[in-house]
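Here the structure is laid out as structure tokens; the discussion comes afterwards.
In listed order, ligands and their atoms are each counted from 1.
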Amino acid sequence: MSYKIGLVLDEPKIEMSTDESRSADEQKRITANKIYEVLSKKYEVVNIVADVKIIENLKNSNIDIVFNLSTGVRGESRQSQIPAILEMLGIPYVGSGILAHAMALDKTVAKQIFKYHDVLTPNFQIFHDENEKLNPELKFPLIIKPACEGSGFGIHGDSVVYEEEAVRKKVSKLLKQYQPPILAEEFIEGREFTVGIIGNGKDKTVLPILEIDFKDIPEEYGKFYSFEVKANFGHKTNYYCPAPISNKLEEQIKAMASKAFDALGCRDLARVDVRVRDDVPYILEINSLPGLKPVYSDLTKMAEAAGISYDELIIKILEEAIKRIGKVRRVNS
Ligand SMILES: Nc1ncnc2c1ncn2[C@@H]1O[C@H](COP(=O)(O)OP(=O)(O)OP(=O)(O)O)[C@@H](O)[C@H]1O
Ligand SMILES: [Mg+2]
């Protein structure tokens, strides 16, 4: 069946241009160009920019289904903005819905939902103000990070702290740069993994687990996935996929990641970040709109380890969404 696909993408964020945002814009542009190319081999595809004119543009383009790459325009629930508009217009779309994106973007909400569903996640405290009393039950070291960011924004070599005064200083600094709240979370010292999930329900494909090893990263950037490590130390980061772990640990990590995906009600694709301490997997967060850059993005690396080419990965994500939606219908018919 031939569909007309709307590829919804973000505009570069010129008004808040920082090193972090420029790098993210560049990744998005490369990804969108490649996905356009892949989808165009099989379907009619139109690019649609996620801006204030999007409702008219969607209505005029006679699209059957949207492949959503937009992280939204601004605000605390930005990842939900395009899904909300598509739901309002009755246009089916690939990927998670309004609620799952909003919960996944706010790590504090996601963690509370995880706890309810017995998905293990590091103990944490939420700060709206640096003078709030630190919960004495939290065990140092702690990592201090913005609650509603991604791509390593706000996570740097000095994000891991060892005493209370440093918590206050770091919370105060992040509150000046990022919207509240700020999250103080027990730092799980151990191996790091990320898990890619494609599909839905019992049909989910859990891709081979990717281990990220920071042993060659200079100490000042942190032995974790800080912004600097993500942006500048790809060449010194070791990626192992499939991760060299026992079958038992592999099953435990996959089961916990899949449970976390279902707990938030994610759809079609997501990437779940995990740290393991004493053979116990802790879920750090879910990326409900994971990067899909060829070669570079984790999901792409995992697919490759499973023998799935980039083109096949994109088509599989689309087909899983179509299977979930059932009948794709034209908005104007
Ligand atoms: N509680 C924790 N224990 C150990 N390491 C952590 C913890 N929280 C975050 N980290 C480290 O910081 C990195 C980034 O954290 P997190 O995944 O929360 O941020 P992000 O910016 O949303 O990431 P992404 O790029 O995946 O969107 C993690 O991959 C991990 O290396
Ligand atoms: Mg992460």
Side-chain angles (χ1 to χ4, degrees), residues 20-21 23-24 27-28 31 71-72 78-79 96 101 103-111 114-115 119-126 138-162 167 170 174 177-179 181-197 209-215 217 221-234 237-239 257 260 264 266 269-278 280-293 296-302:
E20 292 174 353
S21 71
S23 155
Q27 315 292 340
K28 283 182 185 177
T31 306
T71 55
R78 58 191 175 277
Q79 283 188 186
S96 287
H101 276 316
M103 292 194 293
L105 185 61
D106 187 333
K107 291 174 189 159
T108 61
V109 174
K111 287 167 73 68
F114 291 157
K115 290 216 163 199
V119 172
L120 280 178
T121 187
N123 291 327
F124 66 105
Q125 181 174 346
I126 299 166
L138 284 183
K139 292 196 186 66
F140 282 99
L142 301 178
I143 182 164
I144 316 298
K145 57 187 185 180
C148 303
E149 291 295 336
S151 308
F153 281 29
I155 300 180
H156 304 284
D158 63 355
S159 297
V160 176
V161 297
Y162 297 84
V167 174
K170 190 70 193 168
L174 288 180
Q177 280 176 288
Y178 296 95
Q179 64 182 72
I182 303 302
L183 190 55
E185 189 173 90
E186 287 184 4
F187 184 75
I188 306 294
E189 292 185 82
R191 292 167 76 179
E192 179 154 340
F193 304 93
T194 187
V195 186
I197 299 178
I209 298 173
L210 175 74
E211 176 167 14
I212 306 126
D213 171 1
F214 306 100
K215 72 174 187 312
I217 303 288
Y221 297 109
K223 298 287 188 191
F224 54 92
Y225 231 160
S226 63
F227 178 77
E228 286 73 21
V229 173
K230 283 182 200 249
N232 305 327
F233 284 94
T237 310
N238 300 303
Y239 299 94
L264 294 197
C266 290
L269 76 160
R271 217 196 68 229
V272 186
D273 292 340
V274 183
R275 276 230 165 190
V276 173
R277 184 175 63 196
D278 300 331
V280 178
Y282 294 85
I283 303 296
L284 300 182
E285 60 144 354
I286 295 194
N287 299 282
S288 56
L289 209 56
L292 288 171
K293 192 175 163 197
Y296 167 99
S297 289
D298 294 342
L299 218 60
T300 315
K301 293 189 176 104
M302 297 165 184

inquiry  = Evaluate Y225 against F214 for ring-ring contact (aromatic ring centres under 6.0 Å, His included), listing each step before the verdict.
reply    = CA-CA 8 Å; Y225 231 160; F214 306 100; 5.4 Å; yes
ask   = Any side-chain donor paired with an acceptor under 3.5 Å for T237 and K230?
value = no
query = Could you walk me through whether F153 and Y178 pass the ring-ring contact (aromatic ring centres under 6.0 Å, His included) check?
reply = CA-CA 9 Å; F153 281 29; Y178 296 95; 7.1 Å; no
remark   = With L210 as partner, the option from L299, T194, V195 fulfilling side-chain contact (heavy atoms from CB on, under 4.5 Å) is T194
ask   = In terms of atom number and element, which parts of ligand 1 are under 4.0 angstrom from non-hydrogen atoms of K230?
value = 23 (O), 24 (P), 25 (O), 26 (O)
task = Verify the distance criterion only: is there a donor paired with an acceptor across the side chains of K293 and T31 at less than 3.5 Å?
result = no
ask   = Do you know which two heavy atoms are closest between T121 and K111, and how far apart they sit?
value = OG1-NZ, 2.9 Å
request  = List the closest protein heavy-atom neighbour of atom 18 (O) of ligand 1: residue, atom name, distance to the nearest 0.1 Å.
outcome  = K145 NZ, 2.7 Å
query = Salt bridge check: are E185 and K139 linked by an N-O gap of less than 4.0 Å?
reply = no
ask   = Relative to the heavy atoms of E149, which atoms of ligand 1 are at a distance of less than 4.0 Å?
value = 22 (O)
remark   = The closest protein heavy-atom partner of atom 23 (O) of ligand 1 is E285 OE2, 3.1 Å
Nearest to the Mg ion (ligand 2) - the N/O/S atom of D273, by atom name = OD2
query = Against heavy atoms of G152, which atoms of ligand 1 measure under 4.0 Å?
reply = 20 (P), 21 (O), 23 (O), 25 (O)
query = Tell me, which protein residue and heavy-atom name are nearest atom 13 (C) of ligand 1, and how many Å apart are they?
reply = Y225 O, 3.4 Å
Donor + acceptor pair across side chains of K115, N123 (<3.5 Å) = yes
inquiry  = Considering F224, F227, F187 one by one, which has a heavy atom nearer to atom 5 (N) of ligand 1 than any of the others?
reply    = F187
remark   = Under 4.0 Å from one or more heavy atoms of D273, ligand 1 contributes atoms 17 (O), 26 (O)
ask   = What residue and atom, counting heavy atoms only, is the protein's closest point to atom 10 (N) of ligand 1, and at what distance?
value = I143 CD1, 3.6 Å
Atom name of the N, O or S atom in E285 that lies nearest to the Mg ion (ligand 2) = OE2
ask   = For atom 15 (O) of ligand 1, what's the nearest protein heavy atom and its distance?
value = I155 CD1, 3.3 Å
request  = Pick whichever of R277, E185, K223 has a heavy atom sitting closest to atom 2 (C) of ligand 1.
outcome  = E185
request  = Would you mind running through ligand 1 and noting each atom that sits below 4.0 Å from a heavy atom of N287?
outcome  = 24 (P), 26 (O), 27 (O)
inquiry  = Looking at every heavy atom in both Q179 and I182, which two are closest together, and how far apart are they?
reply    = O-CD1, 4.4 Å
request  = Report, in ascending order of atom number, the atoms of ligand 1 lying under 4.0 Å from any heavy atom of R271.
outcome  = 26 (O)
query = Can you list the atoms of ligand 1 that are under 4.0 Å from a heavy atom of E192?
reply = 28 (C), 29 (O), 30 (C), 31 (O)
task = Would you confirm whether S226, through its side chain, and Y221, through its main-chain N or O, come within 3.5 Å as a donor-acceptor pair?
result = yes
Shortest protein heavy-atom distance from atom 22 (O) of ligand 1, along with the residue and atom involved = K107 NZ, 2.7 Å
inquiry  = Distance under 4.0 Å to a non-hydrogen atom of P122: what atoms of ligand 1 satisfy this?
reply    = 1 (N)
key: Least distance between heavy atoms, S288 atom then A104 atom   = OG-CB, 3.6 Å
inquiry  = Can you tell me which portion of E186 lies within the under-4.0 Å heavy-atom range of ligand 1? Options are side chain, backbone, both, or neither.
reply    = backbone
query = Do any N/O atoms on I188 end up under 3.5 angstrom from N/O atoms on ligand 1?
reply = yes
task = Answer yes or no on whether R275 is positioned over the face of F193, meaning its NZ or CZ is under 6.0 Å from the six-membered ring centre and within 45° of the axis.
result = no
